[in-house]
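Structure record follows, encoded as structure tokens.
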Amino acid sequence: MISLKQRTAETLSAIAEQAFSGASISSEEIYGMFEYPPDDAMGDLALPCFRLSKTLHRAPVQIADALAAGLADNPLFQKVEAVKGYLNFYFDGAALAAKVISEVTERGETYGSPLNGSGKTAVFDYSSPNVAKPFHIGHLGTTVIGHSLKLLHQFAGWNCVGINYLGDWGTQFGKLIVAYKKWGNKQEIEEGGIDRLVALYVRINNAIAEEEGTALADESRAEFHKLEMGDAENLALWKWFVEISLAEYEKTYRQLGITFDSYLGESFYTDKMPAQVQKLRDMGLLKIDDGASIVDLEEWGMPPCLILKRDGSTLYPTRDIAAAVYRKETYNFDRMVYVTSAQQSLHFRQWFKVVELMGYPWYDRLVHVPYGTVSLNGEKLATRTGNVVLLRDLFALAIEKVKEIMVEKNPALAGRDDIAEQVGVGAIVFHYLSNNRMRDINFVLEDALSFDGNTGPYVQYTYARTCSVLRKYEGEAKWKSQDATPEEAALAKTIALFPERVNAALEEYEPSIVTRYLLDLASAFNRFYHECPILSCEDSEKRESRVALTAAASRVLKTGLHLICMASPEQI
Ligand code: ARG
């Protein structure tokens with residue numbers, strides 16, 4: 001994608017080549033030097049020329065003057081000013097609008113894509129809830145950041161694999177089996193689903209915490225051991241627990257429009273760990289520490305990575321190492337991205353280091369993307385399934401509230417239930433993804449759901465507004481105006497910024513850059529919409545131009561919403 005900045009950089013590089021024969025500067029270098037002026041009066045883009053001085057062997061003022069002269073006749077700029085060694089660019093609103101609209105029309109749904117991932121493969125490990133434990137608001141981060149990163153990579157031409165690395169193995173299954181055998185009832189669980197499982201799990205944990213001896217804990221360990229040994233009854237129970245949990249998760253994923261390419265969870269790697277443990281041992285990387293096997297990471301300022309417990313059982317890092325090796329063999333990825341809460345950062349740094357020490361050349365293709373914590377209305381609300389807020393309940397609440405607003409705003413709307421789901425769930429997703437991922441978030445439902453604030457409903461509503469304009473116009477529209485109003489120019493400029501923002505979101509693994517961009521775009525569109533009559537404009541050239549601008553804004557809103565896991569209903 002050639003963004004405006006890039007196009008300007010290329011032009012400048014060519015001018016410099018001509019003006020200062022012998023010395024040259026690449027467009028990439030120039031690109032990196034651009035700044036956005038603090039206010040529009042100082043131009044749309046600025047280049048501090050003192051930074052070019054060294055390369056071009058000229059004084060900054062001389063460079064600025066020469067570049068400005070070279071751009072004098074360029075129609076894209078209304079003016080280019082050289083001020084104290086700075087070059088200030090003022091785009092011509094009409095030329096910019098014409099250019100960006102034709103680009104959006106030409107590229108269609110790929111407008112904004114950097115297309116730099118073509119042919120490469122990226123694996124995403126995200127969501128990954130622990131079976132039979134509640135799927136709560138804390139999982140929102142990994143689920144939507146992970147999926148958005150996958151969509152962004154897909155958009156950039158990567159071949160993407162989404163993996164839900166289910167927490168489907170471990171001693172919790174021993175506990176669950178004991179609890180089920182003691183207090184469970186098949187029919188009840190079949191009817192009550194995951195809630196019944198969670199209730200059993202909570203009950204046994206409480207019982208273990210309360211009881212004097214450790215009989216229940218011992219029993220649980222024994223049942224898990226039986227499961228590991230392939231005991232038919234326990235294996236069947238385990239499979240059933242996993243199925244019930246998955247059915248519940250899938251409901252939530254469906255609401256979010258998320259599908260996975262693989263659900264291979266932790267259990268799958270049981271028989272793949274010994275080979276990696278053996279390799280570690282053969283390479284002399286394993287140390288015995290108080291009976292446990294560890295990899296010493298002191299040299300890298302980290303606590304040791306635990307590979308085997310004293311009783312020889314494997315641990316979380318052991319499984320991650322085996323899974324990474326398996327995925328490399330299976331997908332031959334160029335990049336593998338893990339999205340988890342920042343609490344797991346050390347875990348990832350540790351085992352990434354172990355993979356490097358094991359000599360796997362792809363260790364530097366592993367990326368951990370952490371995020372901060374979430375609370376709701378300042379506290380962790382209690383629900384009937386424990387002391388956490390289930391994603392399902394949060395979504396249901398949001399959908400209900402949105403429905404109330406919609407009944408008031410648009411009583412005649414057809415298909416309200418589906419749209420309310422898209423807007424309600426979207427509101428939560430948008431609200432979550434509007435903060436930098438490392439920030440701790442306090443969720444205030446009212447803020448997320450407002451149709452007027454900086455919210456998902458506001459952006460979706462703006463998109464629906466563009467659709468409503470376009471529905472009423474026949475035929476294809478092009479930009480024909482010779483001049484542009486400030487609102488038209490500002491909207492064109494915002495549309496032109498999209499490729500750059502997508503790129504930044506990808507480079508920083510930060511979907512919130514797209515979210516915040518959408519707010520800018522929606523505001524720019526709404527200012528234009530309120531100030532410039534579109535369909536009712538008498539001048540037919542202007543009318544067509546404004547429809548064309550609306551269509552471009554509409555396209556980018558839709559693409560942007562998609563990239564942050566949101567639906568874009570055409571009517572709300
Ligand atoms: N199941 C884990 C949890 O809920 C997250 C797994 C993250 N992925 C990984 N490969 N370790 O904490």
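All residue numbers refer to positions in the sequence shown, counting from 1. Atoms within a ligand are numbered from 1 in the order they appear, just like the ligands themselves.
Closest to atom 8 (N) of ligand 1, if we only count protein heavy atoms, is D125 OD1, 3.0 Å. When hydrogens are left out, the protein atom nearest atom 10 (N) of ligand 1 is D320 OD1, 2.7 Å; that is the closest non-hydrogen contact.
The shortest N or O to N or O distance between N130 and ligand 1 is under 3.5 Å. Any N or O atom pair closer than 3.5 Å counts here, and R327 shares no such pair with ligand 1. For ligand 1, the polar-atom distance check finds an N/O of S128 within less than 3.5 Å of one of the ligand's N/O atoms.
In summary, of the residues considered (Y338, Y363, Y360), a ring pair (Phe, Tyr, Trp, His ring centres under 6.0 Å) with W351 occurs for Y338 alone.
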| Stepwise, does the salt bridge (charged side-chain N to carboxylate O under 4.0 Å, His left out) test hold for R221 with D311? | CA-CA 12 Å; R221 262 190 294 276; D311 64 5; over 6 Å; no
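For ligand 1 and Y338, the ligand atoms under 4.0 Å from any heavy atom of the residue are 10 (N). Listed by number with element, the atoms of ligand 1 under 4.0 Å from a non-hydrogen atom of T340 are 7 (C). Each of the following atoms of ligand 1 lies closer than 4.0 Å to a heavy atom of Y165: 8 (N), 9 (C), 10 (N), 11 (N).
Enclosure of atom CD in Q278 by more than 12 non-hydrogen atoms of other residues, nucleotides or ligands within 6.0 angstrom is indicated.
Heavy-atom separations between Q344 and ligand 1 include at least one value shorter than 4.0 Å.
The two residues G560 and V514 come nearest to each other via the heavy atoms O-CG1, 3.8 Å.
One distance of note links CZ of R437 with CD1 of I513; it measures 9.5 Å at 0.5 Å rounding.
Both the sub-6.0 Å distance and the 45° axial angle are satisfied by K272 relative to the ring of Y326.
K401 and E446 are joined by a salt bridge, as a carboxylate oxygen and a charged side-chain nitrogen come within less than 4.0 angstrom of each other.
Scanning Y126, F348, Y316, W351 for the heavy atom closest to atom 5 (C) of ligand 1 points to Y316.
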